[in-house]
Amino acid sequence: MEFMLISSVLAVVLSILAVFFANAIPTLIEFDVVDHSVRENASTIIVDAAGVGALVREAATRPAIRGRSWSLMRKRRELDGVQLQMKALASEDVWEELACV
């Protein structure tokens, strides 16, 4: 989890640096999207690409986070079941029967 936080912060810092760099060189970039010709500033394209990258990253990491949380929930349920069994054994007269033998 710490790695994901560190990498997210690093990605934000790098994208901010890229925008500063792109603003230092005010050139227009022209490219085609499907049938439309788009002419934009380099910094706008970099910010848009960073945003799309962040969305793709979120979509890619959500299943891993969700899977980890399901696994933790399952293990907690198993642990609760074992603890209930231990309490049930402790409340029975098992210890008294062992002491009599």
Side-chain angles (χ1 to χ4, degrees):
M1 194 65 135
E2 293 174 15
F3 174 74
M4 290 174 54
L5 179 64
I6 292 170
S7 64
S8 296
V9 170
L10 185 64
V12 168
V13 169
L14 287 176
S15 63
I16 290 171
L17 289 174
V19 170
F20 283 141
F21 178 74
N23 279 332
I25 306 169
T27 58
L28 291 177
I29 297 175
E30 185 174 345
F31 59 96
D32 294 327
V33 177
V34 187
D35 288 338
H36 299 29
S37 180
V38 178
R39 189 174 190 164
E40 286 290 334
N41 189 359
S43 61
T44 305
I45 294 171
I46 290 174
V47 169
D48 291 346
V52 169
L55 289 175
V56 168
R57 178 191 168 140
E58 274 299 309
T61 58
R62 284 292 171 194
I65 294 169
R66 197 175 316 123
R68 207 174 313 135
S69 65
W70 280 107
S71 175
L72 285 174
M73 286 175 29
R74 191 173 343 113
K75 294 296 180 187
R76 282 191 184 130
R77 268 188 250 127
E78 288 176 12
L79 181 62
D80 289 342
V82 170
Q83 287 175 343
L84 284 174
Q85 288 176 355
M86 288 175 61
K87 284 181 184 178
L89 285 174
S91 66
E92 291 179 4
D93 294 329
V94 173
W95 302 112
E96 291 177 12
E97 291 176 15
L98 289 175
C100 293
V101 174

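Residues I45 and V34 are members of one and the same hydrophobic cluster, defined by side-chain heavy-atom contacts under 4.5 angstrom among Ile, Leu, Val, Met, Phe, Trp and Tyr.
With sequence neighbours excluded, the residues forming a side-chain contact (heavy atoms from CB on, under 4.5 Å) with R39 are L28, E30, listed by chain and number. Shown here are the side chain to side chain donor-acceptor pair (under 3.5 Å) partners of N41, two or more places apart in sequence or in another chain: S43. Under the rule for a side-chain contact (heavy atoms from CB on, under 4.5 Å), the partners of M86 that lie at least two apart in sequence or sit in another chain are V82.
Taking CD of E78 as the start and CZ of R76 as the end, the distance is 12.5 Å to the nearest 0.5 Å.
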